[in-house]
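Throughout, protein chains are lettered first and strands after them, A, B, ... in sequence-line order, and every chain is numbered starting at 1. Just so you know, these numbers use all the heavy atoms, side chains as well, and skip hydrogens, waters and symmetry mates. It should be emphasised that the depicted structure is a prediction, and the values quoted were computed from it without experimental measurement.
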Protein chains: 2
Amino acid sequence: MADVAAAAGVSAMTVSRALRRPDTVSEEVRARVEEASRRLGFVPSRVASALASARTMTVAVLIPSLTNAVFIDLLAGVQETLSPQGYQPLIGITGYGPEAEEHVLRTQLAHDPDGVILSGLDHTPGTWDLLRGLTIPVVHTMDLSVEGDLMAEGGHDDCPVQTVGFSQFDAGYAVGAHLAARGRRRIGLIAGQLDPRTRQRCDGWRQALRDAGRHDPALELMVPDATSVALGAELLERTLATHPDTDALFLCNDDLAQGALFQCARLGIPVPERLAVAGFNDLAGAAWTVPPLTTVATPRRAIGVEAARLLIAGMADRTPKSRENPRRVDLGFRLMVRETT
Amino acid sequence: MADVAAAAGVSAMTVSRALRRPDTVSEEVRARVEEASRRLGFVPSRVASALASARTMTVAVLIPSLTNAVFIDLLAGVQETLSPQGYQPLIGITGYGPEAEEHVLRTQLAHDPDGVILSGLDHTPGTWDLLRGLTIPVVHTMDLSVEGDLMAEGGHDDCPVQTVGFSQFDAGYAVGAHLAARGRRRIGLIAGQLDPRTRQRCDGWRQALRDAGRHDPALELMVPDATSVALGAELLERTLATHPDTDALFLCNDDLAQGALFQCARLGIPVPERLAVAGFNDLAGAAWTVPPLTTVATPRRAIGVEAARLLIAGMADRTPKSRENPRRVDLGFRLMVRETT
DNA sequence: CTGTTAGCGCCTTCAA
DNA sequence: TTGAAGGCGCTAACAG
């Protein structure tokens with residue numbers, strides 16, 4: 001920067017200004033600095049800038065996994081929103097464990113991010129402590145804080161939080177209600193990856209069936225394994241083996257549902273005549289399965305975009321009033337009724 | 001750090017040492033520093049550390065897209081390898097454009113990464129210039145430099161490069177040869193997302209068919225659109241409409257192939273009897289389609305892991321001799337013959 | 001609108 | 001094995 005300053009015949013400070021906020025220097029100086037900067041191939045050191053200004057222009061983004069399309073979409077939304085504003089996402093993988101999340105968060109915080117985006121609301125007390133101590137904006141995604149009070153879940157905290165997501169419970173309820181409305185009597189559930197969000201979906205589904213007077217706990221098959229097409233196929237078989245009278249099935253993720261559909265095709269089970277199938281998330285290809293899969297479209301990318309926007313707003317004014325003025329953004333969901341139900 | 005030093009009764013310098021390289025201080029001092037550090041909740045500032053030591057512990061990772069599972073797997077491999085070593089990946093999305101890549105690279109370089117991982121070998125001259133000027137290790141992935149000379153492609157450069165990947169050409173050739181060996185006569189091609197790697201696959205396939213004396217350019221359908229299940233379904237129909245005698249099809253990515261399979265099921269076209277179908281990449285679920293999809297398993301995650309390892313090795317010794325000693329790591333591929341052929 | 005001064009928090013280097 | 005001095009490259013705060 002000193003070299004550029006010398007070449008342009010100004011001080012280093014003016015170079016800094018001319019490059020970051022061109023409108024604060026005279027047109028003539030701006031041009032000279034720009035020319036010199038370009039000629040010398042000057043690339044400002046963000047590290048030094050960060051140290052001096054206490055702004056790293058990075059954002060910590062913690063997601064459970066890179067192999068789950070849901071969080072990739074979230075990340076894509078975050079990335080495409082942050083990037084044009086000059087922010088660099090720092091991704092951290094938590095592997096669905098609150099303890100691992102706390103550790104990853106600590107690691108990320110050492111990089112002094114200007115904001116934090118988390119997945120879910122199920123954090124360790126240690127994580128809540130960390131968050132409470134932060135002076136940078138934090139947004140929780142994929143879930144909603146309890147309506148009304150905007151407090152974190154679990155009662156271990158009175159810290160207001162910003163959340164962007166949709167009601168997993170309501171979405172699960174919608175599927176259960178839909179299946180019941182279709183006249184199905186023996187409605188089963190298959191779930192994997194039992195994180196809190198999955199559980200909420202299941203809870204919603206269960207409530208819907210109870211409301212319809214058709215809930216049978218024996219038809220619930222919940223396993224901790226990561227969801228996959230293979231697992232869906234396997235669990236479908238297991239369900240039919242133990243409860244051959246099942247006439248409808250909610251699978252808590254589309255990959256499970258696709259696996260189930262494949263297996264139905266193999267076993268010659270007509271869908272939806274003999275068995276109705278509903279998935280969740282409306283992942284790629286869901287509209288093209290045979291038959292096209294009924295599922296719930298979730299606004300994953302939009303959640304990422306909105307979370308990033310909230311963060312940018314909070315990072316812009318350095319007085320973090322955002323913490324006193326938390327928001328709860330419900331982006332909803334859509335039941336996509338296709339042909340498997 | 002000064003506070004910790006005071007609490008431990010040592011100098012700041014000793015705190016720094018005790019935390020980073022515990023073996024360089026006395027056991028007693030180490031313990032005191034650790035205790036004080038923990039008690040005060042000290043988190044060293046990586047930013048300040050980076051400025052002083054000229055090591056940011058970050059690695060720029062440039063990939064074309066977050067919505068292509070291939071690069072997500074690559075990223076996952078990179079992430080899981082870098083992370084335990086204390087390196088933080090900085091992801092950059094290039095959108096499949098060499099110009100955009102150059103711009104993203106410039107942006108990332110402002111963060112002073114300690115290493116760079118790129119996708120492909122098709123860079124702009126400007127990018128090559130940038131890379132040539134770097135003193136940090138660089139690894140190119142998903143493709144291989146020309147065997148023997150280890151020089152970059154295109155002849156615009158005499159800069160030796162490190163590459164980790166597999167031969168896209170050979171993989172495409174393997175599919176073509178397989179289809180021909182199955183006795184198919186009218187073998188078609190469907191490709192989307194025409195990046196250089198896709199083109200190389202197509203080139204290999206073409207060569208195989210030529211060698212078998214069965215190449216018909218009329219059976220090639222190449223479109224620039226991003227691949228998807230929907231696109232596969234659509235292009236299958238188009239192919240059958242214009243060339244109903246097609247009896248085998250290579251689709252350059254598994255999502256296309258899955259779409260084609262779905263459409264075949266819809267149209268009542270027996271696979272593989274009437275039409276053989278081969279995909280590429282062995283994406284999730286390929287083994288579970290109906291019938292199970294013949295495809296090529298590509299070592300995407302392993303490529304990420306190996307690229308990260310090479311980088312770590314290169315970043316460890318600060319004398320970048322790695323640049324004079326480039327490697328070409330061929331991780332191969334596997335033709336997965338299943339039931340669609 | 002531009003320049004001066006004084007660090008940001010840590011690490012390299014050297015001396016003890 | 002430990003400490004002191006100095007600086008990494010930039011920017012906040014203020015003065016002019």
Please report the distance, rounded to the nearest Å, between [atom1] in [X] and [atom2] in [N].
X	N	atom1	atom2	answer
Asp23(B)	dT1(D)	CG	C1'	12 Å
Leu51(B)	dT12(C)	CG	P	12 Å
Leu19(A)	dT2(C)	CG	P	14 Å
Arg21(B)	dC10(C)	CZ	P	18 Å
Arg55(B)	dG9(D)	CZ	C1'	19 Å
Arg46(B)	dG9(C)	CZ	C1'	14 Å
Phe42(A)	dC10(D)	CZ	C1'	8 Å
Met1(B)	dG3(D)	CE	P	13 Å

Report summary line: Between Arg17(B) and Val43(B), the residue closer to the 5' end of DNA chain C by nearest nucleotide is Val43(B)
Query raised in the report: Quick one: CD on Gln79(A) to CG on Leu74(A), what's the gap to the nearest 0.5 Å?
Result: 12.0 Å
Query raised in the report: What is the distance from atom CD1 of Ile303(A) to atom OG1 of Thr141(A), rounded to the nearest 0.5 Å?
Result: 6.5 Å
Query raised in the report: How would you label the contact of Val10(A) with the nucleic acid (heavy atoms, under 4.0 Å): base, sugar-phosphate, or nothing?
Result: sugar-phosphate
Query raised in the report: What is the nucleic acid contact for Val47(B), judged by heavy atoms within less than 4.0 Å: base, sugar-phosphate only, or nothing?
Result: nothing
Among the nucleotides [options], which one has an atom lying closest to any side-chain atom of [X]?
X	options	answer
Ala52(A)	dC10(D), dC11(C), dC10(C)	dC10(D)
Ser53(B)	dG3(C), dT12(C), dA12(D)	dT12(C)
Ser16(A)	dT2(D), dT11(D), dC1(C)	dT11(D)

**Report entry** NZ/NE/NH1/NH2 to OD/OE distance under 4.0 Å, Arg309(A) and Glu306(A)
**Finding:** yes
Requested in this report: May I ask you to decide whether Glu27(B) forms a salt bridge with Arg30(B), counting only side-chain N to carboxylate O separations under 4.0 Å?
Outcome: yes
Query raised in the report: Hey, does the side chain of Arg30(A) come within less than 4.0 Å of dT2(C)'s phosphate (OP1/OP2), counting only N and O?
Result: no
Query raised in the report: Looking at side-chain heavy atoms only, is the closest gap between Val161(A) and His123(A) below 4.5 Å?
Result: no
